[in-house]
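Accompanying notes for the structure given below.
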Amino acid sequence: MTYSRIAGTGSYLPEKVVTNSDLEKVMDTSDEWIQERTGIKRRHIAADDQATSDLALAAANEALDMAGLAAEDIDLIIIATTTPDKVFPGTACIVQRRLGIRGCGAFDIQAACSGFVYGLDLADRHIRTGGGKNVLVIGAETLSRLTNWEDRTTAVLFGDGAGAVVLQETDEPGIISTHIHADGQYEDLLQVPQGVSQGYDITRAGEAFIQMNGNAVFRRAVATLDSIARETLDKNNIDKHDLDWFVPHQANMRIITAAAKKLDMPMERVIVTVDEHANTSAASIPLAFDVAVRDGRIKRGELLLFEAFGAGFTWGSTLLRF
Ligand code: UT7
């Protein structure tokens, strides 16, 4: 049987750090409110001359290094992003050019904060059906470009960054199962209302940025993460206590804690980066994962659960042995 496994991980965070105290100076908020309601302390913000592909490229190079591969070994590049460099070509094609390779497939996917687990689902199926041996899956975002810095209800929540993995063909799993879902009826609760085909209306400038009904999204996220965890474990006949690590999407510390509690996971077994990175959407899981692999917490052979929830709504999970 053919399976896929994660051969290498990488990540990149822009140099500029914006703390809650920095935000206190430019909007009506407080470090205390932000930490209490979200767990966030600081976020990284891309420089004016940095685009999503810059962040993605740096993360991809680290993942290739760890996997011991050259860029030419890559058969497919998938980038999950809500903040592509341009309308087209896809950011994956820009990264392909900058990796100095030609010919392999390269495309972007848009599944908001669930984009990375959607990407893993596609990449795993691609490898298992003989489409290629090495797939680069990247989550990369410059959400600061979609942030309305005059809206305190969203501006304090997001950050920029990128995370990447190389998924590689192998004869034992690796990726055990992937699960992706969506329910489009919740469009109004979390969105950027303006867009290409609907046109941009400069008299409604605030609608070119993220808008969220935080409270409604929060409640839905907690319930959905619980159901996707149960679906994933039941499908594989795995007891929640067998999990070594839980790597959730990093949107809010209270959501992470609630999801961990349902899984009966002690917080020492949960990878948390929301305090340092804020919500980096599609980049948050691969970023958190790379941090914990590189600091030695997550080790080869351990059983991991990734879980994501985002605009759409979209949600999904990955169960894997690292
Ligand atoms: O990644 C995709 C999925 N996204 C998420 O999962 C995010 C889900 N939602 C959340 O994380 C939380 O709902 C938020 C952190 C966004 C908000 O926390 P909350 O506990 O749901 O607060 P709230 O929206 O109910 O607002 C409570 C109060 C309001 O004041 P009033 O109306 O009670 O007087 C807000 O105006 O807090 C106020 N508020 C703020 N105060 C200081 C909202 N934003 C701020 C702020 N600083 N930045």
Side-chain angles (χ1 to χ4, degrees), residues 18-43 80-83 110-118 139-144 146-161 163 180-192 206 209-229 247-260 262 272-275 277-288 306-317:
V18 174
T19 64
N20 293 347
S21 317
D22 294 330
L23 292 178
E24 277 177 352
K25 291 175 196 137
V26 294
M27 64 185 74
D28 179 18
T29 191
S30 67
D31 176 44
E32 190 191 356
W33 189 95
I34 301 170
Q35 285 211 48
E36 192 183 297
R37 301 291 177 125
T38 71
I40 297 166
K41 295 179 182 155
R42 54 186 70 84
R43 69 285 293 142
T81 185
T82 50
T83 46
Q110 215 298 33
C113 299
S114 310
F116 181 73
V117 294
Y118 268 62
E141 300 280 12
T142 46
L143 288 175
S144 57
L146 283 181
T147 300
N148 180 354
W149 294 102
E150 287 172 11
D151 174 8
R152 69 174 183 169
T153 67
T154 54
V156 302
L157 303 176
F158 299 101
D160 300 336
I180 58 171
H181 297 284
D183 187 343
Q185 73 173 302
Y186 297 103
E187 177 181 351
D188 293 347
L189 294 182
L190 178 51
Q191 60 172 331
V192 176
F209 301 111
I210 299 167
Q211 291 184 0
M212 175 165 66
N213 178 335
N215 220 271
V217 175
F218 186 99
R219 278 182 273 118
R220 201 72 210 170
V222 171
T224 306
L225 290 175
D226 179 38
S227 74
I228 190 74
V247 189
H249 169 51
Q250 309 283 320
N252 183 311
M253 191 59 199
R254 290 184 293 141
I255 296 176
I256 295 172
T257 310
K262 294 254 173 66
V272 175
T273 52
V274 68
D275 51 343
H277 303 169
N279 181 348
T280 58
S281 189
S284 93
I285 290 178
L287 250 168
F306 296 167
E307 269 189 13
F309 178 86
F313 291 144
T314 56
W315 64 99
S317 65

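Excluded from the calculations below are hydrogen atoms, water molecules and symmetry mates; all remaining heavy atoms, backbone and side chain alike, are included. Each ligand, and each atom within it, is numbered from 1 in the order the structure gives. We count residues from 1, following the sequence as given.
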Does the side chain of T81 come under 3.5 Å of the side chain of T83 through a donor N or O and an acceptor N or O?
-> yes

- Task: For D183 and Q185, test the side chains for any donor-to-acceptor distance below 3.5 angstrom and give the result as yes or no.
- Result: yes

Would you mind writing out a table of all protein N or O atoms found under 3.5 Å from any N or O atom of ligand 1, naming both atoms and giving the distance to 0.1 Å?
{"unit_1": "ligand 1", "atom_1": "1 (O)", "unit_2": "H249", "atom_2": "NE2", "d": "2.9"}
{"unit_1": "ligand 1", "atom_1": "1 (O)", "unit_2": "N279", "atom_2": "ND2", "d": "2.7"}
{"unit_1": "ligand 1", "atom_1": "9 (N)", "unit_2": "G214", "atom_2": "O", "d": "3.0"}
{"unit_1": "ligand 1", "atom_1": "11 (O)", "unit_2": "N252", "atom_2": "ND2", "d": "2.7"}
{"unit_1": "ligand 1", "atom_1": "13 (O)", "unit_2": "G214", "atom_2": "O", "d": "3.0"}
{"unit_1": "ligand 1", "atom_1": "20 (O)", "unit_2": "R37", "atom_2": "NH1", "d": "2.9"}
{"unit_1": "ligand 1", "atom_1": "20 (O)", "unit_2": "R254", "atom_2": "NH2", "d": "3.0"}
{"unit_1": "ligand 1", "atom_1": "21 (O)", "unit_2": "N215", "atom_2": "ND2", "d": "2.8"}
{"unit_1": "ligand 1", "atom_1": "22 (O)", "unit_2": "R37", "atom_2": "NH1", "d": "3.4"}
{"unit_1": "ligand 1", "atom_1": "25 (O)", "unit_2": "N215", "atom_2": "ND2", "d": "2.9"}
{"unit_1": "ligand 1", "atom_1": "36 (O)", "unit_2": "R152", "atom_2": "NH2", "d": "3.1"}
{"unit_1": "ligand 1", "atom_1": "37 (O)", "unit_2": "W33", "atom_2": "NE1", "d": "3.2"}
{"unit_1": "ligand 1", "atom_1": "41 (N)", "unit_2": "W33", "atom_2": "NE1", "d": "3.4"}
{"unit_1": "ligand 1", "atom_1": "41 (N)", "unit_2": "R152", "atom_2": "NH1", "d": "3.4"}
{"unit_1": "ligand 1", "atom_1": "47 (N)", "unit_2": "T29", "atom_2": "OG1", "d": "2.7"}
{"unit_1": "ligand 1", "atom_1": "48 (N)", "unit_2": "T29", "atom_2": "OG1", "d": "3.1"}
{"unit_1": "ligand 1", "atom_1": "48 (N)", "unit_2": "R152", "atom_2": "O", "d": "2.9"}

Worksheet item: Between the side chains of D31 and Q35, is a donor N or O closer than 3.5 angstrom to an acceptor N or O?
Response: yes

Side-chain contact test, heavy atoms from C-beta onward, threshold under 4.5 Å: evaluate it for Y118 versus T314 and give yes or no. yes

>> Take a 6.0 Å sphere around CD of E187 and say whether it holds more than 12 heavy atoms from other residues, nucleotides or ligands.
In response: no

Whether F306 and F116 hold their rings parallel, tilted or perpendicular, with breakpoints at 30° and 60°:
tilted

